[in-house]
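Convention: sequence-line order gives letters A, B, ...; per-chain numbering from 1.
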Amino acid sequence: MSTEAQGTESRPRDFIRNIVAEDLANNKHDGRLATRFPPEPNGYLHIGHAKSICLNFGVAEEQGGVCHLRFDDTNPVKEETEFIEAIKADLSWLGFDWGENEYYSSDYFEQLYQWAVQLIKAGKAYVEDLSGEEMRKLRGTLTEPGTNSPSRERSVEENLDLFERMRNGEFADGAKVLRAKIDMAAANMNLRDPAMYRILHAHHHRTGNDWCIYPMYDFAHGQSDSIERITHSICTLEFADHRPLYDWFIEQLGIFAPHQYEFARLNLGYTVMSKRKLQQLVAEQLVSGWDDPRMPTLVGMRRRGYPAQAIRTFCERIGVGKSDSWIDLSVLEECVRDELNETAPRAMCVVKPLKVVITDYPEDQQEMFDAPIHPQQPQMGRRQVPFSREIYIDRDDFMEDPPKKFFRLGPDREVRLRYGFVIKCNEIIRDDSGEVIELRCTHDPATAGGVAAEGRKVKGIIHWVCAKTAVPVEVRQYDRLFQVEQPGGKEGDYREDINADSLQVFTPCYAEAGLADAEPTVAYQFERLGYFCADSRDSKPGALVFNRTVTLRDSWAKAK
RNA sequence: UGGGGCGUCGCCAAGCGGUAAGGCACUGGAUUUUGAUUCCAGCAUUCCCAGGUUCGAUCCCUGGCGCCCCAGCCA
């Protein structure tokens with residue numbers, strides 16, 4: 001773990017942390033700090049959620065507070081138990097612990113109902129029987145005030161009766177809603193008598209068929225925060241307009257008042273983050289599933305090989321602010337490399353094999369080269385790399401007509417096999433179509449693996465695998481899912497920006513013998529190529545499948 | 001000429017009246033049996049614009065300009 005000691009002190013790093021630190025210093029809420037992460041269980045968590053998670057859990061952790069996990073499950077038609085388990089697994093994987101503090105908005109349904117009754121009695125809520133369409137017409141526009149609905153003047157008694165009958169199931173879905181009586185002329189649209197309850201004869205994943213009316217987000221979220229005595233309710237910018245409503249309900253009800261703060265949601269280049277779009281990618285099979293390694297979901301990233309710590313580091317690096325921002329993919333990738341560079345054992349794997357025969361090496365001979373598992377971490381130990389007369393190298397490491405700056409293999413050129421001999425290419429073998437299918441080389445016995453430099457100046461070093469002992473594997477290389485930084489741009493269809501080459505499958509590839517029992521999820525650096533891990537879904541002993549997590553930086557590729 | 005939010009380097013982001021942190025990206029150069037890592041160096045006389053207050057403003061005031069969000073019985 002490279003927990004980079006940064007940020008472990010209580011030093012504030014963003015406006016939220018500043019506010020929290022100040023409140024704590026002023027002994028607001030008796031020095032108590034409680035945040036919450038409130039996902040709706042209708043999909044999988046993505047990297048954007050991770051930002052919120054790291055903020056909410058992070059602040060609590062740093063300041064000795066608590067962070068609740070609360071499922072905001074007020075819409076039974078969209079929510080499923082499947083997602084609850086997945087969300088919890090993602091949270092744990094990221095390394096956060098909510099302890100006993102697992103809550104559900106649905107557990108507050110009875111209390112919420114009572115509060116609604118309280119508002120009706122106070123003349124602050126009424127039952128509406130206009131249709132959604134009619135309500136919209138009366139709502140006015142951004143520049144014109146709305147008009148009061150006839151239902152607004154109903155008596156408290158009638159409202160009470162009607163609301164109870166709504167609960168009892170006397171009305172069809174959509175027939176009526178309970179609305180807050182605020183101000184149809186409010187400049188803030190959210191205050192134009194917003195809906196509090198709708199009728200939904202739907203089975204709820206937790207409350208079953210107990211209810212046929214369900215509270216809206218606005219009537220559930222703040223009160224849930226209040227019930228849990230959340231001190232700092234942190235959400236994204238688009239809810240800023242709801243804050244006056246959040247405060248209004250709490251004030252009318254006279255209950256504990258948490259404070260809502262808003263920060264800018266994460267936008268990452270070359271991907272999409274909205275749950276709707278992610279759902280669509282899965283539904284339309286544009287990807288293989290929520291855990292497709294190209295998805296920005298936590299399950300996808302985990303399967304791809306991103307370490308949880310890299311995601312946490314990423315969330316720290318990008319900061320928390322209020323301005324809309326797009327983060328470069330390179331920031332995330334650097335976090336992944338930083339982490340993996342320190343922790344991943346090294347190995348060699350040839351992805352695009354080209355056979356090389358060392359003509360002056362005895363046919364029946366085999367030897368082992370001694371190599372470090374990690375060049376910078378000697379404590380990780382050594383590995384033995386088998387070598388024999390026939391090996392594979394990557395096609396990219398050979399050029400028939402190499403440019404001046406290419407210092408790998410070419411006709412009559414020398415190159416060093418990593419941890420092995422220096423070889424020289426003497427002959428090129430082609431098939432009928434003229435394609436190069438084999439190289440004939442000779443080796444210099446004086447340059448064997450462990451031997452220190454012998455004065456010979458060989459610039460190029462390439463990776464290779466002994467043909468006799470190689471493990472045939474499949475390698476999947478991923479690239480960005482979209483070919484433009486902001487898929488869909490302004491009004492366009494983001495699907496049209498999908499990168500057709502975001503998945504490249506190579507087989508057979510040849511891996512160093514030691515990789516034979518690679519376990520899914522465990523990261524390796526395939527030297528000179530990048531970081532890889534066996535796929536948790538498709539890799540099987542004897543039929544290994546490796547995912548490329550991220551490439552190594554490649555200044556040569558850039559130079560080209 | 002509705003309301004809310006935001007504008008500091010290509011992308012993020014500190015800064016809160018005293019003369020522009022840091023990260024990513026980029027550009028050199030050193031070390032290197034990964035063209036990786038590491039390492040050193042460079043990278044905003046300027047903070048959306050224009051006025052004003054002040055000895056002094058990215059930070060205060062005024063007026064512009066630009067971008068984002070809101071008219072779900074979604075969250």
Side-chain angles (χ1 to χ4, degrees), chain A residues 6 13-14 18 38-40 42 72-75 77-78 128 130-132 135-136 139-146 173-179 185-192 194-200 213-214 216-218 220-221 235-244 262 264 269 275-276 316-335 337-338 341-342 346 348 371 374-376 405-408 416-420 422 447 449-453 458-463 485 525-530 551-559:
Chain A
Q6 48 153 320
R13 300 190 300 274
D14 54 66
N18 283 337
E40 181 188 13
N42 69 342
D72 217 345
D73 55 352
T74 57
N75 187 349
V77 310
K78 296 167 72 177
E128 175 65 86
L130 252 30
S131 68
M135 277 175 65
R136 191 179 329 131
R139 187 146 36 224
T141 68
L142 294 180
T143 52
E144 300 158 326
D173 287 6
K176 300 194 183 317
V177 297
L178 181 72
R179 302 177 76 175
N188 182 336
M189 301 291 286
N190 294 119
L191 265 19
R192 321 247 261 225
M196 293 164 59
Y197 268 91
R198 75 288 219 185
I199 299 171
L200 247 27
I213 57 172
Y214 292 90
M216 300 290 292
Y217 167 84
D218 285 309
H221 202 95
C235 61
T236 44
L237 249 29
E238 67 271 26
F239 290 99
D241 283 344
H242 293 245
R243 189 174 357 109
E262 310 88 17
K275 220 179 256 184
R276 192 198 111 242
E316 258 176 48
R317 282 191 193 173
I318 60 176
V320 178
K322 299 191 74 159
S323 52
D324 298 312
S325 58
W326 283 83
I327 307 292
D328 274 358
L329 204 49
S330 64
V331 180
L332 213 208
E333 293 185 335
E334 252 326 273
C335 291
R337 292 192 189 100
D338 271 4
N341 176 47
E342 285 193 30
R346 269 87 275 213
M348 291 194 283
H374 188 129
Q376 278 84 234
K405 306 276 284 195
F406 182 85
F407 36 82
R408 275 112 92 156
R416 179 183 291 281
L417 297 178
R418 172 133 246 229
Y419 301 124
V422 169
T447 57
V451 182
V458 179
K459 183 93 168 153
I461 298 160
I462 64 174
H463 59 282
E485 192 151 26
Q525 184 197 95
F526 289 175
E527 299 202 63
R528 301 210 311 131
L529 296 178
T551 61
L552 251 32
R553 281 169 78 190
D554 187 353
S555 52
W556 164 246
K558 254 176 260 171

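- If you take CD of A:Glu333 and P of B:rC11, they are 18 Å apart, rounded to a whole angstrom.
- To the nearest 0.5 angstrom, A:Leu178 atom CG is 11.5 Å from A:Met216 atom CE.
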Strictly under 3.5 Å: I want the nitrogen or oxygen pairs between protein and nucleotides 26-31 of chain B, one per line.
unit_1 : atom_1 : unit_2   : atom_2 : d
B:rC26 : OP1    : A:Lys558 : NZ     : 2.9

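- Taking CG of A:Leu200 as the start and CD1 of A:Ile213 as the end, the distance is 10.5 Å to the nearest 0.5 Å.
- Between B:rC6, B:rG2, B:rG35, one nucleotide has an atom nearer to the side chain of A:Ile461 than all others, and that is B:rG35.
- In this structure, A:Asp324 places its CG atom 17 Å from P of B:rG66, rounding to the nearest Å.
- A:Arg408 CZ to A:Arg528 CZ: the interatomic distance, rounded to the nearest 0.5 Å, is 5.0 Å.
- Residue A:Val77 is classed as having no contact, given no heavy-atom separation below 4.0 Å to the nucleic acid.
- Looking at A:Lys405 and A:Trp556, their side chains come closer than 4.5 Å, going by heavy atoms from C-beta outward.
- The NE2 atom of A:His463 sits 4.0 Å away from the CG atom of A:Leu529 when rounded to the nearest 0.5 Å.
- Between the CD atom of A:Gln376 and the P atom of B:rC39 there is a distance of 11 Å, rounded to whole Å.
- Applying the 3.5 Å distance criterion, the base of B:rU34 shares a donor-acceptor pair with the side chain of A:Gln525.
- The partner of B:rC39, taking Watson-Crick or G-U wobble pairs whose two distances both stay under 3.5 Å, is B:rG29.
- With a cut-off of 3.5 Å on both Watson-Crick or G-U wobble distances, the partner of B:rC74 is given as none.
- Remark: A:Pro244 pairs with A:Asn188, A:Leu191 by the side-chain contact (heavy atoms from CB on, under 4.5 Å) rule, at least two apart or across chains.
- Summarising the base pairing, B:rA21 is matched to no nucleotide, lacking a Watson-Crick or G-U wobble pair whose two defining distances lie under 3.5 Å.
- Relative to the side chain of A:Glu334, the nucleotides B:rA25, B:rG35, B:rC6 differ in distance, and B:rA25 lies closest.
- Comparing the P positions of B:rG10 and B:rU33 gives a spacing of 38 Å, expressed to the nearest Å.
- Comparing the C1' positions of B:rC43 and B:rG22 gives a spacing of 14 Å, expressed to the nearest Å.
- Rounded to a whole angstrom, the distance from the C1' atom of B:rA41 to that of B:rU53 is 42 Å.
- If you take atom C1' in B:rC67 and the same atom in B:rU62, they sit 22 Å apart, rounded to whole Å.
- Among the protein residues, A:Glu128 comes within range of no part of the nucleic acid, since none of its heavy atoms lies under 4.0 Å from any strand.
- Judged purely by atom type and a 3.5 angstrom limit, A:Glu128 uses its side chain to pair as donor or acceptor with the backbone of A:Leu130.
- Only the C1' atoms considered, B:rA44 is 15 Å distant from B:rC11, to the nearest whole Å.
- Partners of A:Tyr217 according to the ring pair (Phe, Tyr, Trp, His ring centres under 6.0 Å) rule, which considers only residues two or more places apart in sequence or in another chain, are A:His221, A:Phe239.
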Short heteroatom pairs, N/O only, protein and nucleotides 41-44 of chain B, under 3.5 Å:
none

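- Separating the CD1 atom of A:Ile318 from the P atom of B:rC11 is a distance of 16 Å, rounded to the nearest angstrom.
- Taking the nucleotide of RNA chain B with the nearest heavy atom to each of A:Arg337 and A:Arg346, the more 5' of the two is matched to A:Arg337.
- The backbone N or O of A:Ser131 sits nowhere less than 3.5 Å from a side-chain atom of A:Arg136 that would complete a donor-acceptor pair.
- When both pairing distances are held under 3.5 Å, B:rC65 makes a Watson-Crick or G-U pair with B:rG7.
- Of the nucleotides present, none pairs with B:rA13 by Watson-Crick or G-U wobble criteria with both distances under 3.5 Å.
- On a pure distance criterion of 3.5 Å, no polar donor-acceptor pair joins the side chain of A:Arg243 and the base of B:rG4.
- Rounded to whole Å, the separation between the C1' atoms of B:rA13 and B:rA36 comes to 28 Å.
- For the pair A:Phe407 CZ and B:rU33 P, the interatomic distance rounds to 13 Å; values are reported in whole Å.
- As the counterpart of B:rU1, no nucleotide is assigned, since no Watson-Crick or G-U wobble pattern has both distances under 3.5 Å.
- Residue order along RNA chain B, read from the 5' end via each residue's closest nucleotide, puts A:Gly319 first among A:Val331 and A:Gly319.
- Between A:Arg317 and B:rG22, a side-chain N or O to OP1/OP2 separation shorter than 4.0 Å is absent.
- In this structure, B:rU46 makes no Watson-Crick or G-U wobble pair, since no nucleotide meets both defining distances under 3.5 angstrom.
- A:His374 has its side chain out of reach of A:Gln525: every pair of non-hydrogen atoms, C-beta onward, lies at least 4.5 Å apart.
- For A:Lys322, the side-chain contact (heavy atoms from CB on, under 4.5 Å) test picks out A:Phe15, A:Leu237, A:Glu262, with sequence neighbours left out.
- Atom CH2 in A:Trp326 sits about 18 Å away from atom C1' in B:rA13, given to the nearest Å.
- For A:Thr143, the side-chain atoms get nearest to B:rG2 when compared with the rest of B:rA36, B:rU33, B:rG2.
- Here the side chain of A:Arg139 pairs no donor or acceptor atom with the backbone of A:Gly146 at under 3.5 angstrom.
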Go along nucleotides 69-75 of chain B 5' to 3' and tag each nucleotide: B for a protein heavy atom under 4.0 Å from its base, S when only backbone or sugar atoms are that close, - otherwise. BBBSBBB
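- Nucleotide B:rU37 holds its P atom 9 Å from the CG atom of A:Asp338, rounded to whole Å.
- One can place CG of A:Asn341 at 6 Å from P of B:rU38, the figure rounded to the nearest angstrom.
- Considering CD of A:Glu334 and CZ of A:Arg317, their distance stands at 7.0 Å, rounded to 0.5 Å.
- The P atoms of B:rG5 and B:rC60 are separated by 15 Å, rounded to the nearest whole Å.
- With a cut-off of 3.5 Å on both pairing distances, B:rU53 has no Watson-Crick or G-U wobble partner at all.
- Base engagement by A:Phe406 is indicated by at least one non-hydrogen atom pair under 4.0 Å involving a base atom.
- In this structure the side chain of A:Leu417 reaches within 4.5 angstrom of the side chain of A:Ile462, judged on heavy atoms.
- Atoms CE and CZ, on A:Met135 and A:Arg192 in that order, are 12.5 Å from each other to the nearest 0.5 Å.
- Base orientation of B:rG72: syn (glycosidic angle within 90° of 0).
- One finds a side-chain N or O of A:Ser323 lying less than 4.0 angstrom from the OP1 or OP2 phosphate oxygen of B:rA13.
- Taking atom C1' on both nucleotides, B:rG64 is separated from B:rA71 by 28 Å, rounded to a whole Å.
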